Amino acid sequence: MNILVAMGTRPEAIKLFPVIHALKREPNFDVTVCVTAQHREMLDQVLSIADIEPDVDLDLMRPNQSLPQITSRILTGIDDVLKEAKPDRVLVQGDTTTAMAAALSAYYRKIPVDHVEAGLRSGDIYSPFPEEVNRKVVGSLASWHFAPTPRAADALIRENVSPERIIVTGNTVIDALLETEKRIGSFRDIKRAIDDELPDPGENRRIVLVTAHRRENFDGGMDRIASAILKLAENEDVLVVYPVHPNPNVRELMHRALGNHPHVRLLPPLEYVPFVYLLSRCDFVLTDSGGVQEEAPALGKPVLVMRDTTERPEGIDAGTARLVGTDPHQIHAEAMRLLRDRAHYQRMSRAHNPFGDGHASERILDVLAHGDDAPLLQLREGRASSLDDLPKINGVTAHVS
Ligand code: UD1
Ligand code: UDP
């Protein structure tokens, strides 16, 4: 089977590298990796640590690109690739413009599209913007829907997706995280470089990791997040560590507001291995990122989600995440509670894995390899996800006995 994997941004590369590795180990697949390079440096950072050499690189990123510009470039760029490569299937991940436009291009050529991380919904088409709608567009034309959690599968069923086409796999980000965590010990230089940015453990200072980049926060939200950080940084025992997204709407504002503050370290975007190490060393996280909301609970790190809605409520249900919006007083109050209320901190820092068990890519591979028989095979061999209720979700209970 010729399968074309299309991706363009940092989170897609992180969440797809375990799937690409699994596909490449399987001799029955001929894999074409096509990167749109909607992101450039941040994508390349992941490709290099994951040892993935793209077969096609469309090199589309432009500084401060608008949504229509990047969408139209990807739509036509991928179409040219599909015309040439003629894959049997196309695999996309998540909710980015790359995922949406690549899926649409494949649909126009009547090539089946499979969707990794299907079914996440906030219920608000403007939050996350434009990701909620991107993901729905992919969901409306996908062939296989790889839902990370039972809740995501339920959302698809409510939208009348056929249950036989939905497989609960867990999120591949947990595959990537666990694999990376295992390797961290061998990256001594990387650990040392991050340790050099952080206070000595003896200093007894608290490390707060921040990431923020969402488009819906550009209209005032980023300023409010910056004020909350400034207020938090007034505490002598706090160090805010913030790898800043290179989008000029974020980078310029954050450097202007927070640069040179003695309790704030602004860093360039980190490669995945150092970022995971930093996550493991921090006390808690302030973020509006999707992926970080999924990774932090797995490492037992409390997360304050600086958004009004989330399409990943599993972290909140598990008790590791709280939705705090972008009101500076609210963010500051919740962060102070984590700093000063020990019992509250401990309740939020129990490790949970509501998003996956590290075997999502194997399940995806199984389905791509065995097609319609895969859900049944997973059940028979006892390999159905421990996360899910596969018989109910896939409606195959009747066949099992
Ligand atoms: C994109 C995705 C978002 C995802 C995020 C992950 C869309 C609409 N948005 O948002 O869902 O959460 O990636 O980070 O698909 N830039 C660089 N170098 C890079 C990457 C970006 O300089 O390696 C700058 C460029 O000026 C670029 C701008 O950031 O034009 C915006 O990039 P873009 O991919 O359009 O949006 P993100 O905000 O990164
Ligand atoms: N990440 C990284 N370096 C950083 C910040 C984040 O490698 O400096 C990783 C993080 O571990 C997570 C992913 O990038 O897996 C999240 O990407 P981002 O926040 O850009 O996008 P989102 O998940 O919000 O779509």
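Just so you know, these numbers come straight off a predicted model, no measurement behind them. Numbering of ligands and ligand atoms starts at 1, following listing order.
Considering backbone and side-chain atoms together, Arg215 places an N or O closer than 3.5 Å to an N or O of ligand 1. In terms of N/O distances under 3.5 Å, ligand 1 is not approached by Thr98. Backbone and side-chain nitrogen or oxygen atoms of Thr97 are examined, and one is located within less than 3.5 angstrom of a nitrogen or oxygen of ligand 1. For the pair His245 and ligand 2, the shortest N or O to N or O distance does not fall below 3.5 Å. Considering backbone and side-chain N/O atoms, Met42 comes within less than 3.5 Å of an N/O atom of ligand 1. Annotation: Phe275 places no N or O atom under 3.5 Å from an N or O atom of ligand 2; distance criterion only. At a 3.5 angstrom cut-off on N or O pairs, Gly291 counts as close to ligand 2. An N or O contact shorter than 3.5 Å links Arg10 to ligand 2 by distance. Some N or O of Ser289 is nearer than 3.5 Å to an N or O of ligand 2, by distance alone. Taking any N or O of Gln65, backbone or side chain, at least one lies under 3.5 Å from an N or O belonging to ligand 1. For ligand 2, the polar-atom distance check against Arg214 finds a nitrogen or oxygen pair separated by under 3.5 Å.
With respect to atom 24 (O) of ligand 2, the closest heavy atom belonging to the protein is Gly290 N, 2.8 Å. Among protein heavy atoms, atom 38 (O) of ligand 1 sits closest to Asn247 ND2, 3.5 Å. For atom 13 (C) of ligand 2, the nearest non-hydrogen atom of the protein is Ile14 CD1, 3.7 Å. Atom 10 (C) of ligand 2 has Glu295 OE1, 3.3 Å as its closest protein atom, hydrogens excluded (heavy atom only). Looking only at heavy atoms of the protein, atom 39 (O) of ligand 1 is closest to His39 NE2, 2.6 Å. Taking atom 3 (C) of ligand 1 as the reference point, the nearest protein heavy-atom neighbour is Glu131 OE2, 3.1 Å. For atom 12 (O) of ligand 1, the nearest non-hydrogen atom of the protein is His213 CE1, 2.8 Å. What sits closest to atom 25 (O) of ligand 2 on the protein, heavy atoms only, is Pro11 CG, 3.4 Å. Closest to atom 22 (O) of ligand 1, if we only count protein heavy atoms, is Met61 CE, 3.6 Å.
With Phe284 as the aromatic partner, Arg206 does not meet the cation-pi criteria of under 6.0 angstrom to the ring centre and within 45 degrees of the ring axis.
In this structure, Leu120 and Arg135 have side chains that are in contact, with non-hydrogen atoms separated by less than 4.5 Å. Between Leu60 and Ile70, some side-chain heavy-atom pair lies under the 4.5 Å cut-off. Residues Asp283 and Tyr345 form a side-chain contact, since some pair of their non-hydrogen atoms from C-beta on lies under 4.5 Å apart. Residues Val241 and Glu197 fail the side-chain proximity criterion, which asks for heavy atoms closer than 4.5 Å.
Distances below 4.0 Å separate heavy atoms of Tyr272 from the following atoms of ligand 2: 7 (O), 11 (O), 15 (O). Taking every non-hydrogen atom of Gln38 and a distance limit under 4.0 Å, the qualifying atoms of ligand 1 come out as 1 (C), 2 (C), 7 (C), 9 (N), 15 (O), 33 (P), 34 (O). Which parts of ligand 2 touch Pro269 is read off a 4.0 Å heavy-atom cut-off, strictly below it: atoms 8 (O).
Looking at Ser289 against ligand 1, nothing comes within 4.0 Å, counting heavy atoms. For Pro248, every heavy-atom contact with ligand 1 shorter than 4.0 Å involves the side chain, none the backbone. At a heavy-atom cutoff of 4.0 Å, ligand 2 is contacted by both the backbone and the side chain of Leu270. Within the 4.0 Å heavy-atom criterion, the part of Pro11 lying near ligand 1 is the side chain and not the backbone. Only side-chain heavy atoms of Leu67 come within less than 4.0 Å of ligand 1; its backbone N, CA, C and O stay farther off. Counting heavy atoms under 4.0 Å from ligand 2, residue Glu131 does not touch it at all. Residue-level proximity to ligand 1 for Arg62 is carried by the backbone, the only part with a heavy atom below 4.0 angstrom. Only backbone heavy atoms of Asn64 (N, CA, C or O) come within less than 4.0 Å of ligand 1; its side chain stays farther off.
Taking both residues in full, the closest heavy atoms of Leu304 and Ile331 are given as CD1-O, 4.3 Å, listed atom of the first, atom of the second, then distance. The two residues Val173 and Glu295 come nearest to each other via the heavy atoms CG2-OE2, 3.5 Å. Summarising the geometry of Met254 relative to Met222, their closest heavy-atom pair is CE-O, 3.5 Å, with the distance given to 0.1 Å.
Using cut-offs of 30° and 60° for the angle between ring planes, the Trp144 and Phe146 rings count as parallel. Ring planes of His245 and His213: parallel class, angle under 30° (limits at 30 and 60°).
Contact analysis leaves Asn249 out of contact with ligand 1, as no non-hydrogen atom separation drops below 4.0 angstrom. By the 4.0 Å heavy-atom criterion, Met100 is excluded from the residues contacting ligand 1. Proximity of Met42 to ligand 2 is not established, as no heavy-atom distance is less than 4.0 Å.
Thr96 pairs with exactly one of His39, Glu131, Glu12 by the side-chain hydrogen bond (donor to acceptor under 3.5 Å, both in side chains) rule, that one being Glu12.
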